[in-house]
Amino acid sequence: MFSLGQENIPTSPTSTKGPVKYGELIVLGCNGSLPNGDKGRRKSRFALCRRSKANGVKPSTVHTSCTPQAAKAISNKEQHSISYTLSRAQTVVVEYTHDINTDMFQIGRSTESPIDFVVTDTVPGGQSHADGQTIQSTISRFACRIICQRNPPYSARIYAAGFDSSKNIFLGEKAAKWRMQDGQMDALTTNGVLVMHPRHGFSQDSKPGLWREISVCGNVFTLRETRSAQQRGKMVDSESNELVDGSLIDLCGATLLWRTAEGLALTPTVKHLEALRQELNAGRPQCPVGFNTLAFPSLRRKDVLDEKQPWAYMRCGHVHGYHGWGGRRDPEVEADCQDRECPMCRARGPYVPLWLGCEAGFYVDAEPPTHAFVPCGHVCSEKTTAYWSQIPLPHGTHAFHAACPFCIQPLVGETGCVRLIFQSPLD
């Protein structure tokens with residue numbers, strides 16, 4: 001078995017310690033962990049490492065009619081297969097055979113054993129659904145699979161749909177499907193798997209690419225008119241399903257960031273983020289009105305309001321301690337955000353507590369936390385806020401909007417972020 005944990009995993013695929021790491025998937029909207037904590041295969045971050053034994057598969061025999069061989073392929077629990085139902089009378093079955101050169105990882109909402117990484121719907125604001133509250137999830141039970149080459153350069157490719165406990169993928173009559181020029185079948189899943197590859201990698205020079213849809217066979221298409229429309233988009237031959245550092249994968253309910261092992265080796269560590277926090281606090285920023293010293297709470301207490309917590313006016317960026325005038329006197333209620341007037345410059349806008357962004361994988365550099373996303377108040381480096389504020393993330397069935405990667409709350413204002421203005425101590 002491969003390792004699910006983060007400990008003792010090398011940060012580079014060339015490292016000789018432990019298993020080779022292909023990369024990691026990080027759930028957007030989780031600031032370092034799931035709201036209710038990481039548990040087993042349900043977590044905010046998942047490392048894909050070379051397995052002790054290859055489990056990849058590749059297409060082999062195609063059965064174009066309901067032959068005994070086709071029926072056997074579907075019923076055989078040891079045989080991977082994909083069934084394309086064209087009509088009640090015709091089903092095309094594609095057998096998949098073992099591939100000694102690849103490892104397969106499956107992602108979806110199902111908690112059944114074939115799923116390596118269990119993903120549930122992400123709620124804006126970094127909150128979880130209340131216990132017992134049932135919501136209709138739009139994430140597929142077997143959403144997608146990633147196939148990684150076991151040998152250098154360890155490329156990772158994504159495909160829509162995952163194999164179930166019987167090692168089958170069933171595409172019913174309603175699924176958009178077609179026969180390709182070479183006679184092979186292909187299809188799209190109900191709500192689709194969308195991918196966006198950034199231009200110039202995942203760095204401070206990165207620019208967002210175009211969102212595309214990935215098919216069951218890994219072909220690339222322009223987006224459908226709406227998420228589950230029957231008509232597929234146009235095939236984009238010039239692009240591939242190979243993931244690059246910073247690729248975003250949208251499963252219609254949750255968005256995942258792919259980071260390569262090489263890319264992760266260049267990102268700040270949690271230890272580095274903690275050092276930046278301590279450095280910020282060492283400057284003893286003051287509330288310009290109350291003159292009390294402000295301090296960001298430790299990364300472990302990232303969701304608990306502290307009495308020294310810095311607050312900021314999101315219109316202008318002036319940082320204060322919490323004060324009750326001009327609005328309600330309860331910080332917990334205040335955090336729900338109503339417009340307030342800044343005492344320093346009279347700008348009106350949201351007045352919110354500031355929280356450090358704790359998920360290091362979202363940072364495009366290791367610079368100090370000087371900017372905040374608007375209106376949520378998550379703080380990180382200038383280049384990181386600039387990058388994420390220009391990324392349109394899928395929302396609902398056909399909308400897109402920029403959002404804070406730490407809590408997935410939609411951004412507002414011209415730039416979606418603000419430079420913070422700290423007051424130094426007067427003594």
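A donor-acceptor contact shorter than 3.5 Å is absent between the side chain of Arg50 and the backbone of Cys148. Without hydrogens or angle criteria, Asn191 side chain to Cys252 main chain gives no donor-acceptor distance under 3.5 Å. With Gln106 contributing its side chain and Asp164 its backbone, the two residues share no donor-acceptor pair below 3.5 Å. Here the side chain of Arg259 pairs no donor or acceptor atom with the backbone of Glu24 at under 3.5 angstrom. Judged by distance alone, with hydrogens and angles left aside, the side-chain atoms of Asp182 form a donor-acceptor pair with the main-chain N or O of Gln184 at under 3.5 Å. Between the side chain of Asp245 and the main chain of Thr260, a donor-acceptor pair closer than 3.5 Å is present. In this structure, the side chain of Ser206 engages the main chain of Gly201 through a donor-acceptor pair within 3.5 Å. Proximity of a side-chain donor or acceptor of Thr385 to a complementary backbone N or O of Phe373 within less than 3.5 Å is not detected. Under a 3.5 Å cut-off, the side chain of Asn31 and the backbone N or O of Leu356 do form a donor-acceptor pair. Checking side-chain atoms of Arg212 against main-chain N and O of Val220 turns up no donor-acceptor pair under 3.5 Å.
Nearest approach of Thr122 to Ala254, heavy atoms of both residues: OG1-CB, 3.7 Å. Minimum interatomic distance between Lys21 and Ala261 (heavy atoms only, all atoms of both residues): O-CB, 3.4 Å.
The aromatic rings of Tyr351 and Trp311 lie tilted to each other, with the angle between the two planes from 30° to 60°.
Between Glu274 and Arg277 there is a salt bridge, since at least one side-chain N of the basic residue sits less than 4.0 Å from a carboxylate O of the acidic one. Taking the charged nitrogens against the carboxylate oxygens, Asp186 and Lys177 have no contact shorter than 4.0 Å, which rules out a salt bridge. Ion pair Lys167/Glu78 flagged as a salt bridge, since at least one NZ, NE, NH1 or NH2 atom sits closer than 4.0 Å to an Asp/Glu carboxylate oxygen. The existence of a salt bridge linking Lys383 and Glu367 is excluded, since no basic side-chain nitrogen approaches an acidic carboxylate oxygen closer than 4.0 Å.
In this structure the side chain of Glu239 never reaches within 4.5 angstrom of the side chain of Val195, judged on heavy atoms. Residues Leu188 and Ser215 have side chains in contact (heavy-atom distance under 4.5 Å, counting atoms from C-beta outward). The side-chain heavy atoms of Val216 and Tyr84, taken from C-beta on, include a pair separated by under 4.5 Å. No side-chain heavy atom of Val379 sits under 4.5 Å from any side-chain heavy atom of Leu280. No side-chain heavy atom of Thr222 sits under 4.5 Å from any side-chain heavy atom of Glu213. In this structure, Met314 and Asp339 have side chains that are not in contact, with every pair of non-hydrogen atoms separated by 4.5 Å or more. Looking only at side-chain heavy atoms (C-beta outward), Leu294 and Lys308 stay at 4.5 Å or farther from each other. The side-chain heavy atoms of Leu171 and Met185, taken from C-beta on, include no pair separated by under 4.5 Å.
Atom OH of residue Tyr363 and atom NE2 of residue His272 lie 9.0 Å apart, to the nearest 0.5 angstrom. Ile146 contributes atom CD1, which lies 12.0 Å from atom OH of Tyr22 (distance to the nearest 0.5 angstrom). Within the model, atoms OG1 of Thr255 and CG of Leu25 stand 12.0 Å from one another, a figure rounded to the nearest 0.5 Å. In this structure, Ile147 CD1 and Lys58 NZ are separated by 11.5 Å, a value rounded to the nearest 0.5 Å. Taking CG of Leu28 as the reference point, atom SG of Cys30 lies at 8.5 Å (rounded to 0.5 Å). The CG atom of Asn219 lies 10.0 Å from the CZ atom of Arg232; values are rounded to the nearest 0.5 Å.
With a 6.0 Å radius and a threshold of 12 heavy atoms from other residues, nucleotides or ligands, Glu173 has its CD atom above the threshold. Annotation for Glu279: atom CD does not count as buried by contact number, only 12 or fewer foreign heavy atoms lying within 6.0 Å. Heavy-atom neighbours of Arg315 CZ from other residues, nucleotides or ligands within 6.0 Å: at or below the threshold of 12.
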Does the pair Val27 and Leu256 meet the rule for a side chain to side chain contact (heavy atoms under 4.5 Å, CB included), with working shown? CA-CA 5 Å; Val27 182; Leu256 313 177; 3.7 Å; yes

Before you tell me yes or no, could you show the steps for Arg51 and Met104 under side chain to side chain contact (heavy atoms under 4.5 Å, CB included), namely the whole-Å CA-CA distance, both residues' side-chain angles and the distance that decides it to 0.1 Å? CA-CA 9 Å; Arg51 298 182 186 272; Met104 179 169 68; 5.8 Å; no

Side-chain donor-acceptor pairs of residues 399-417 under 3.5 Å, sequence neighbours excluded:
{"unit_1": "Thr415", "atom_1": "OG1", "unit_2": "Cys417", "atom_2": "N", "d": "3.4"}
{"unit_1": "Thr415", "atom_1": "OG1", "unit_2": "Cys417", "atom_2": "O", "d": "2.8"}

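By the salt bridge (charged side-chain N to carboxylate O under 4.0 Å, His left out) test, Arg157 pairs with Glu242, sequence neighbours left out. Residues passing the salt bridge (charged side-chain N to carboxylate O under 4.0 Å, His left out) test with Arg199: none are found, sequence neighbours excluded.
Between Trp258 and Phe105, the gap from one ring centroid to the other reaches at least 6.0 Å.
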